[in-house]
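Report on the following structure.
As the structure lists them, so they are numbered: ligands from 1, and atoms in each ligand from 1.
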Amino acid sequence: MERFDAIVVGAGAAGMFCAAMAGQAGRRVLLLDNGKKPGRKILMSGGGRCNFTNLYVEPAAYLSQNPHFCKSALARYTQWDFIDMVGKHGIAWHEKTLGQLFCDDSAEQIVTMLVAECEKGNVTTRLRSEILSVTRDYAGYTLQLNGDVVSADKLVIASGGLSMPGLGASPFGYKVAEQFGLNVLPTRAGLVPFTLHKPMLEQFQVLSGVSVPSVITAEDGTVFRESLLFTHRGLSGPAVLQISSFWQAGEFVSINLLPDIDLAAFLDTQCAEHPNQSLKNTLAMQLPKRLVECLQQLGQVPDVTLKQLNARDQQALVETLINWRVQPNGTEGYRTAEVTLGGVDTNELSSRTMEAKKAPGLFFIGEVMDVTGWLGGYNFQWAWSSAWACAQAL
Ligand code: FDA
């Protein structure tokens, strides 16, 4: 049986970074993953360019039953620390929008960086590892692998959530938590597109590919100002992904399709200047033509000139466009979700080290726990920050 100071399960963002930091601090670390390659989600992330952090990271951008939990780790290993590391590896980056930082070239550079950091820490990495059992005795944690038995004083679970099963996601972390008596909060897909009820989907399917700026509001009052995308399955785009984490089944979302103008004032001005202009063409000055045509076919944009539009119809039109109420049928689920909400209850863990209070030597980092960030690099920053905090305690 091979013995290590620490075993880290999951060679994703959190696991690789934690293993590297602990290895560089002199620990003998074994990093295990069930996949063929490390960092598979990183490679897929940010459209292949990895949105690796955000300039405006702050605890308010994270959902958790305990909103204070993430504060310590985020303050001790910040976005600036990670940006510094990226810079040291010569990776060029740029801010796309809203503080979101992406690699100029490829997400692969982040994986290469993490592999290099693991090598610097002499981390032993074993891919294609299936963990058959985890046991604990006086000597620490013993893992039965396919064809091997390994043990360590400390065990770090960095196996992520349930999103994208095609990329190796498994409930392993939740099962280990439960095995050691830790509470696991219900999970659900987050940062995920909405599906629509059939009649509505049929009406809007023609708009697949149309994107508009929007302000989207959930029933709990959470608001995001980002773009919305019509798809052949429903609604997506950053606005929808963001609000999906705040949406519960059966609820409505309210969408302002014209957040940048005062629509009533715009229509009044246009009417004064061009009374014979069609309402359709007037709206097409502010919205994609396909969207206006679709709304007209649905009877929500009257087939009239501006001077024919009476005050009541104008008010109804304004209400439709700035407060479009949509009741999603559901979400696309874990298959396409970027993250998993819920997970290992943070009340079970130390916010300083991520160690389980009931199981000394057992740690949980990254997405497996009940800390979920907004879209925009916040989730990777949580992976780096929680991993760093944990590594200090290994
Ligand atoms: P992660 O899921 O990265 O790693 C877990 C690892 O554990 C995987 O390698 C898995 O194979 C392994 N594993 C699971 N079960 C196991 C088992 N039983 N045995 C052994 N190994 C096991 N975030 C962001 O901030 N910016 C972005 O640009 C994006 N983009 C993005 C795109 C897509 C398509 C997705 C799906 C997600 C994102 N995210 C993101 C979210 C981000 O990828 C996510 O929050 C982090 O990868 C979480 O890091 P973890 O290390 O916790 O889990």
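- Considering only non-hydrogen protein atoms, atom 20 (C) of ligand 1 sits nearest to Asn34 N, 3.2 Å.
- A salt bridge does not link Lys37 to Glu108: none of the charged side-chain nitrogens sits closer than 4.0 Å to a carboxylate oxygen.
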One pair to check against ring pair (Phe, Tyr, Trp, His ring centres under 6.0 Å): Tyr56 and Tyr378. What are the steps and the verdict?
CA-CA 9 Å; Tyr56 308 119; Tyr378 296 95; 8.7 Å; no

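- Using 4.0 Å as the threshold, Ser163 has no heavy atom nearer than that to any atom of ligand 1.
- Residue contacts with ligand 1 do not include Ala169, since none of its heavy atoms lies under 4.0 Å from the ligand.
- Here is the list of ligand 1 atoms found below 4.0 Å of a heavy atom in Gly12: 3 (O), 4 (O), 6 (C), 9 (O), 51 (O).
- Taking Thr269 as the reference, nothing meets the side-chain hydrogen bond (donor to acceptor under 3.5 Å, both in side chains) condition, with sequence neighbours excluded.
- Near Asn379, with a cut-off below 4.0 Å to any heavy atom, the atoms of ligand 1 are 23 (N), 25 (O), 45 (O).
- Between Cys70 and Val371, the shortest heavy-atom distance links the atoms CB-CG1, 4.2 Å.
- For Phe252 and Trp247, the ring centers are positioned 6.0 Å apart or more.
- The nearest protein atom to atom 33 (C) of ligand 1, hydrogens excluded, is given as Glu338 CG, 3.9 Å; this is a heavy-atom distance.
- Each of the following atoms of ligand 1 lies closer than 4.0 Å to a heavy atom of Ala158: 5 (C), 6 (C), 7 (O).
- The shortest contact between atom 49 (O) of ligand 1 and any protein heavy atom is with Ala13 CB, 3.9 Å.
- The closest non-hydrogen atom to atom 53 (O) of ligand 1, taken over Gly160, Ser45, Ala107, comes from Gly160.
- Counting heavy atoms under 4.0 Å from ligand 1, residue Arg40 touches it through the side chain alone.
- For Tyr141 and Phe180, the ring centers sit closer than 6.0 Å to each other.
- Of the protein's non-hydrogen atoms, Ser170 OG, 2.6 Å is the one closest to atom 15 (N) of ligand 1.
- Considering backbone and side-chain atoms alike, Val9 places every N or O at 3.5 Å or more from each N or O of ligand 1.
- The nearest protein atom to atom 2 (O) of ligand 1, hydrogens excluded, is given as Lys41 NZ, 3.1 Å; this is a heavy-atom distance.
- The shortest contact between atom 26 (N) of ligand 1 and any protein heavy atom is with Asn51 O, 2.9 Å.
- Taking a cut-off of under 4.0 Å to the non-hydrogen atoms of Gly10, the atoms of ligand 1 that pass are 6 (C), 7 (O), 12 (C).
- Set against the non-hydrogen atoms of Asp33, the atoms of ligand 1 under 4.0 Å away are 6 (C), 7 (O), 8 (C), 9 (O), 10 (C), 11 (O), 12 (C), 20 (C), 21 (N).
- Annotation: Phe380 places an N or O atom under 3.5 Å from an N or O atom of ligand 1; distance criterion only.
- Contact annotation for Tyr378 and ligand 1: only backbone heavy atoms (N, CA, C, O) come within less than 4.0 Å of the ligand.
- Using the six-membered ring where Trp is involved, Phe230 and Phe204 have ring planes that are parallel, under 30° apart on the 30 and 60° scheme.
- With sequence neighbours excluded, no residue satisfies side-chain hydrogen bond (donor to acceptor under 3.5 Å, both in side chains) with Thr112.
- Taking each of Lys36, Lys175, Glu367 in turn, the one with a heavy atom nearest to atom 45 (O) of ligand 1 proves to be Glu367.
- Set against the non-hydrogen atoms of Gly366, the atoms of ligand 1 under 4.0 Å away are 52 (O).
- If you check which protein heavy atom lies closest to atom 51 (O) of ligand 1, you get Ala14 N, 2.9 Å.
- Under the 6.0 Å cut-off for aromatic ring centres, Phe17 and Tyr77 qualify, their centroids lying closer than that.
- No hydrogens or angles considered: a donor-acceptor pair under 3.5 Å links the side chains of Gln308 and Thr305.
- Of all the atoms in ligand 1, the ones that sit under 4.0 Å from a non-hydrogen atom of Met164 are 34 (C), 36 (C).
- Under a 4.0 Å criterion applied to the non-hydrogen atoms of Gly46, ligand 1 contributes the atoms 28 (O), 30 (N).
- Summarising the geometry of Leu196 relative to Pro328, their closest heavy-atom pair is CD2-CA, 4.5 Å, with the distance given to 0.1 Å.
- Of the N and O atoms on the side chains of Arg3 and Ser151, at least one donor lies less than 3.5 Å from an acceptor on the other residue.
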Please walk me through it: do Phe246 and Phe224 pass ring pair (Phe, Tyr, Trp, His ring centres under 6.0 Å)?
CA-CA 11 Å; Phe246 297 83; Phe224 287 98; 5.8 Å; yes

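- Residues Lys357 and Glu348 are not paired through a salt bridge, judged by the lack of any N-O separation under 4.0 Å between the basic side chain and the carboxylate.
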